[in-house]
Amino acid sequence: MAESPSYYTRGSVEPWDFIRDQGLNYHLGCAIKYITRAGYKDSKTDDLKKAIHYLQNELDYASGAVPHIIQFPECTEEPWDAAEFDR
């Protein structure tokens, strides 16, 4: 297994272990990742902006501004014809 970079191992628990332990979803997990590495890998402001980006997306989703289910037109008809679907 690859060794974790130093910017993720500064504390007593790695971000991905914390994210998994807390059962956080993708967007919240990414925000935690960028917050914990801010100023230790790349630009602190860039990492904080990335964290805000993921938090804003999660906030938009939680408030209903982002649809919870995206329907793709080619997937809504049933039964599916595999040959038609793959074209």
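When reading the values below, keep in mind they use all heavy atoms of this one structure, side chains included, and skip hydrogens, waters and symmetry mates.
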Query raised in the report: Do Leu28 and Phe18 belong to the same hydrophobic cluster, where Ile, Leu, Val, Met, Phe, Trp and Tyr are linked whenever their side-chain heavy atoms lie under 4.5 Å apart, directly or via other members?
Result: yes
Report summary line: OG (Ser43) and NZ (Lys49) are apart, to the nearest 0.5 Å, by 7.5 Å
Report task. Could you grab the distance from atom OH of Tyr54 to atom CG of Asn25, nearest 0.5 Å is fine? Result -> 11.5 Å
**Report entry** Heavy-atom pair with the smallest gap, counting every atom of Leu48 and Ala38
**Finding:** CD2-CB, 3.9 Å
Report task. Taking all non-hydrogen atoms of both residues into account, name the closest pair between Thr36 and Pro15 and its distance. Result ->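 Of all heavy-atom pairs spanning Thr36 and Pro15, the closest is OG1-CG, 3.2 Å.
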Query - Residues Arg37, Asp42: salt bridge by 4.0 Å N-O rule - result: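 A salt bridge links Arg37 with Asp42.
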**Report entry** Donor + acceptor pair across side chains of Ser4, Glu14 (<3.5 Å)
**Finding:** yes
Query raised in the report: Checking side chain to side chain contact (heavy atoms under 4.5 Å, CB included) for the pair His27/Leu55: CA distance, chi angles, key distance, verdict?
Result: CA-CA 7 Å; His27 291 98; Leu55 289 171; over 6 Å; no
Query raised in the report: Centre of Tyr40's six-membered ring, under 6.0 Å away, within 45 degrees of the axis: is that where NZ or CZ of Arg10 sits?
Result: yes
Report task. Before giving the answer on side chain to side chain contact (heavy atoms under 4.5 Å, CB included), spell out for Asp47 and Ile35 the whole-Å C-alpha distance, their side-chain angles and the decisive distance to 0.1 Å. Result -> CA-CA 7 Å; Asp47 279 341; Ile35 289 167; over 6 Å; no
**Report entry** Tyr8 vs Trp16, side chain to side chain contact (heavy atoms under 4.5 Å, CB included): CA-CA, chis, key distance, verdict
**Finding:** CA-CA 9 Å; Tyr8 289 134; Trp16 64 5; over 6 Å; no
